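Here's the structure we're looking at; comments come further down.
The structure presented is a predicted model; accordingly, all values stated were derived computationally and were not measured. Both backbone and side-chain heavy atoms feed into the values below; hydrogens, waters and symmetry mates do not.
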Amino acid sequence: MLAYRHAFHAGMHADVLKHLMLVQTLRYMAEKDKPYTYLDTHAGAGAYALDTAIARKTGEFAHGIGRLWARKDLPPAVADYVDLVRRFNGPGALVRYPGSPAVALLMRRADDRLRLYELHPTDHRLLEDGFGAEAHTHIAKGDGYASLKAELPPPSRRSVTLIDPSYEIKTDYTRVAQAMQEALTRFAQGLVLVWYPQLLTRDSQNLPLRLRKIADDLAPRGWLHVRLTVQAPDEHGFGLIGSGMFIANPPFVLHDALRTALPFLAGAMGQIDEPTFLLEQRAA
């Protein structure tokens, strides 16, 4: 089943959380001269237009990046993320949004490697068109979960792996947990980032608990877990109410950066009376 297209949701609150954390993680990786490999298991199209009928159909970006774009009081980590989105747009209005591959491309150095996997035929073609000519970048139309066997451990022994499926298939929850376990088994020192949707379902609520158990056993530098709750479910109790990120072997600076960023994001992007956030970690 390959119906999901992220173009309908680009720039929403879930992207803000995911990409803010990705920016901070890659910033940390660049502090050392040695190159790293960035592996994206579900890369999507890589970049998205916000001034199209597809994006305007839901208008979700207006409650995400749109609520941060003109603010002058952004905490440092939020400002860093918004500045990157501004660089991607160039002078003028907010009309484009960088997906995770574009974020990684904007932040990488000359010798860093990008490995981008996408199964959806249309998104893979767009990914190839937009990123295929970039140096040290490999794009594959393939199963991102299976890519872990080929890509880890990386040549430089430094890596960031982003696992970010759509979760439109129920088995994604199990495959994500298996993927984190495989990634850490193959390369215990690697940074592994997992995004997940916050839903009022057992699978969504149990996933961070499963990831925590895996990281407790396999991640030598501990883990960090973040959740941002900004919407209400529909009248039947369904729908996305927020999202979470789980990182194995997180940058040691990330917790402090998020301590000021998360309450700000909850207030800025909240669509309910009392938006909430969670920040927890197990340090090594």
Ala43 and Leu127: which non-hydrogen atoms are nearest, and at how many Å? CB-CD2, 3.7 Å

Can you tell me how far apart CZ (Arg175) and CD1 (Ile163) are? Round to the nearest 0.5 Å. 11.0 Å

Taking only Lys NZ, Arg NE, NH1 and NH2, and the carboxylate oxygens of Asp or Glu, determine whether Asp40 and Arg115 approach each other closer than 4.0 Å. no

So, for Pro220 and Ala188, which heavy atoms are closest and what is the spacing to 0.1 Å? CD-O, 3.1 Å

Arg109 and Asp112 ion-paired at < 4.0 Å: yes

Of the non-hydrogen atoms in Val16 and Gly11, which two are nearest, and what is the gap between them? CG2-O, 4.2 Å

When you check the gap from the basic side-chain N to the acidic O, do Lys18 and Asp15 get nearer than 4.0 Å? yes

Hey, do the aromatic rings of His9 and Phe61 have their centres closer than 6.0 Å? no

Is it true that the NZ or CZ of Arg96 lies under 6.0 Å from the centre of Tyr48's six-membered ring and within 45 degrees of the ring axis? no

Taking Arg212 first and then Asp217, would you say they form a salt bridge - that is, a charged N and a carboxylate O separated by under 4.0 Å? no

So NE2 of His124 and NZ of Lys141: to nearest 0.5 Å the spacing works out to 7.0 Å

Apply side-chain contact (heavy atoms from CB on, under 4.5 Å) to Val192 and Leu184, showing your working. CA-CA 8 Å; Val192 184; Leu184 292 173; 4.0 Å; yes

Between Thr41 and Asp164, does a side-chain contact (heavy atoms from CB on, under 4.5 Å) hold up when you go through it step by step? CA-CA 7 Å; Thr41 63; Asp164 175 29; 5.7 Å; no

Is any side-chain heavy atom of Glu182 less than 4.5 Å from a side-chain heavy atom of Leu152? no

When rounded to the nearest 0.5 Å, the distance separating CZ of Arg113 from OG1 of Thr137 is 10.0 Å

May I ask you to check whether Tyr173 and Tyr167 place their ring centers less than 6.0 Å from one another? yes

Scan side-chain atoms only and decide if Gln24 and Asp80 contain a donor-acceptor pair under the 3.5 Å cut-off. yes

Within the side chain of Glu118, is there an N or O that forms a donor-acceptor pair under 3.5 Å with the backbone of His120? yes

Would you name the heavy atoms of Gly222 and Pro250 that are closest together and state the gap between them? O-CD, 3.4 Å

Student check: side-chain heavy atoms of Pro208 and Tyr196 closer than 4.5 Å: yes

Distance alone, cut at 3.5 Å: any donor-acceptor contact between the side chains of His63 and Gln231? no

Check the surroundings of atom CZ in Arg202: do more than 12 heavy atoms from other residues, nucleotides or ligands lie under 6.0 Å from it? no

Expected output: side-chain Asn89 to main-chain Tyr97 donor-acceptor under 3.5 Å: no

So, Thr37 versus Glu151: side-chain donor-acceptor pair below 3.5 Å or not? no

At their closest point, which heavy atom of Phe277 faces which heavy atom of Ala266, and how far apart are they? CD2-CB, 4.5 Å

Approximate separation, where rounding is to 0.5 Å, of His19 NE2 and Tyr81 OH: 7.5 Å

Do Leu279 and Arg227 come close enough that some side-chain heavy atom pair is under 4.5 Å? no

When rounded to the nearest 0.5 Å, the distance separating OG1 of Thr171 from CD of Gln178 is 9.5 Å

Pairing donors with acceptors under 3.5 angstrom, does anything connect the side chains of His225 and Glu280? yes

Within the side chain of His236, is there an N or O that forms a donor-acceptor pair under 3.5 Å with the backbone of Phe238? no

Would you check if the side chain of Thr229 reaches a backbone N or O of Gly242 as a donor-acceptor pair within less than 3.5 Å? no

According to the interplanar angle, ranging from 0 to 90°, do the rings of His42 and Tyr145 count as parallel (below 30°), tilted (30 to 60°) or perpendicular (above 60°)? perpendicular

Would Val194 and Met180 count as a side-chain contact (heavy atoms from CB on, under 4.5 Å) if you check the C-alpha gap in whole Å, the side-chain angles of each, and the deciding distance to 0.1 Å? CA-CA 8 Å; Val194 172; Met180 172 170 274; 3.8 Å; yes

Could you go step by step and tell me if Leu68 and Leu265 meet the side-chain contact (heavy atoms from CB on, under 4.5 Å) rule? CA-CA 9 Å; Leu68 307 176; Leu265 292 177; 4.0 Å; yes

Met21-Val253 co-clustered via ILVMFWY side chain contacts under 4.5 Å: yes

Hey, is the main chain of Thr201 close enough, under 3.5 Å, to the side chain of Ser204 for a donor-acceptor pair? no

Measure the shortest side-chain to side-chain distance between Met245 and Leu224 over non-hydrogen atoms and say whether it is less than 4.5 angstrom. no

Output the distance between atom CG (Leu262) and atom CG (Leu17), rounded to the nearest 0.5 Å. 7.0 Å

Do Gln189 and Arg221 have side-chain atoms, one donor and one acceptor, less than 3.5 Å apart? yes

Nearest heavy-atom pair of Trp195 and Pro165: which atoms, and what distance? CZ3-O, 3.9 Å

